[in-house]
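Heads up, the thing below is written out as structure tokens.
The structure displayed is predicted, hence computed values, not measured ones. Only this structure's heavy atoms are used, side chains among them; waters, hydrogens and symmetry mates stay out. Both counts, for ligands and for their atoms, begin at 1 and track the order of listing.
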Amino acid sequence: MPFYDLRCPVCNKEFNIYASMADKAEKRISCSECGSHDLETVFKSAPAYIKSRKNSDCPSRHICGEGCRHAG
Ligand SMILES: [Zn+2]
């Protein structure tokens, strides 16, 4: 199962979750903050999100690109 990076438009909480495609498609994933099921997918190219991470210095980051998950 893949990880999804999701944002809740109700409370603006961003989180990632390990869920099946069916869970996401059928909106069985709920916001950890307010419980809303109406979640948006966050695309990791968003610079603000990357910069907010403490450990963004993956040694392979030039290969991984902006979506690098090795750090943090
Ligand atoms: Zn929420």
Subject >> Pairwise distance CG(Asn16) to OH(Tyr4) - rounded to 0.5 angstrom >> reply: 12.5 Å
**OP:** Working to the nearest 0.5 Å, report the span between CG of Leu39 and CZ of Phe15.
**Re:** 4.5 Å
Subject >> Residues that Asn12 engages under side chain to side chain contact (heavy atoms under 4.5 Å, CB included), provided they are two or more places apart >> reply: Arg7
**OP:** Quick one: name the protein N/O/S atoms under 2.8 Å from the Zn ion (ligand 1), chain by chain.
**Re:** Cys8 SG, Cys11 SG, Cys31 SG, Cys34 SG
With a 4.5 Å cut-off on side-chain heavy atoms, are [Y] and [X] touching?
X     : Y     : answer
Lys13 : Cys34 : no
Leu6  : Val42 : no
Val10 : Glu33 : no

